[in-house]
Amino acid sequence: MEREKAEEGEREGRGGMLVALVCGTLVYYHCGWRESSAVSLAADVLIVLLCSLAILGMLFRQMNISVPVDPLEWQISQDTANSIFACLANTIGAAESVLRVAATGHDKRLFFKVIAILYLLASLGRLASGATVAYAGLCIFCLYLLVESSQLFRHITARFLRTRDSLGIAQD
């Protein structure tokens, strides 16, 4: 039973990765290749969604299928909204805290890490467009998730950890 749930979770994860990769490809094509703005992309997406919903509505009307549209189903709970904004506030607060400590110079290592990362990002920005970098990051992230969720990777890491543990026991 647990194995079936794990396999189902893997399939859902792969489906999510595929959707993210397709969306990322479309965003890259629109913003990177066609050199359109993000506002243009948002407008195009809204137009496609509106037209799709209109076509589905006409199709359902022709087939005499009634689809209730209840706006209450679209709302999120107050707890969910609070947790989303709390997570956002914590992330922004942590980034602001790191930048404040780096800017004051109290932690020299942190200061040089921030400088190095900002210099690397600036150099990368000069070499490639933002859409190219974002798309490459999305592709790398999807590959990482695929490798992490694959059975082969789990088997290899389990074998490696067992081998290392047996060597550690033998050395004691």
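Sequential numbering from 1 along the given sequence is applied to the chain's residues.
Qualifying side chain to side chain donor-acceptor pair (under 3.5 Å) partners for S83, counting only residues two or more places apart in sequence or in other chains: none. With sequence neighbours left out, the side chain to side chain contact (heavy atoms under 4.5 Å, CB included) criterion links C139 to L21, Y135. In this structure Y29 satisfies the side chain to side chain donor-acceptor pair (under 3.5 Å) test with no other residue, sequence neighbours excluded. T80 meets the side chain to side chain donor-acceptor pair (under 3.5 Å) test with S77; sequence neighbours excluded.
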Would you give me the side-chain donor-acceptor pairs under 3.5 Å for residues 105-124, sequence neighbours excluded?
unit_1, atom_1, unit_2, atom_2, d
D107, OD1, R109, N, 3.4
K108, NZ, G105, O, 3.0
S123, OG, Y119, O, 3.0

Could you tabulate the donor-acceptor pairs under 3.5 Å formed by side-chain atoms of residues 85-95, not counting sequence neighbours?
unit_1, atom_1, unit_2, atom_2, d
N90, ND2, A86, O, 3.3
T91, OG1, C87, O, 2.9

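For the salt bridge (Lys or Arg N to Asp or Glu O under 4.0 Å) condition, the pairs that include at least one residue of residues 82-103, sequence neighbours left out, are E96-R100.
V101 and L99 fall within a single hydrophobic cluster, where Ile, Leu, Val, Met, Phe, Trp and Tyr are joined by side-chain heavy atoms under 4.5 Å apart, directly or via other members.
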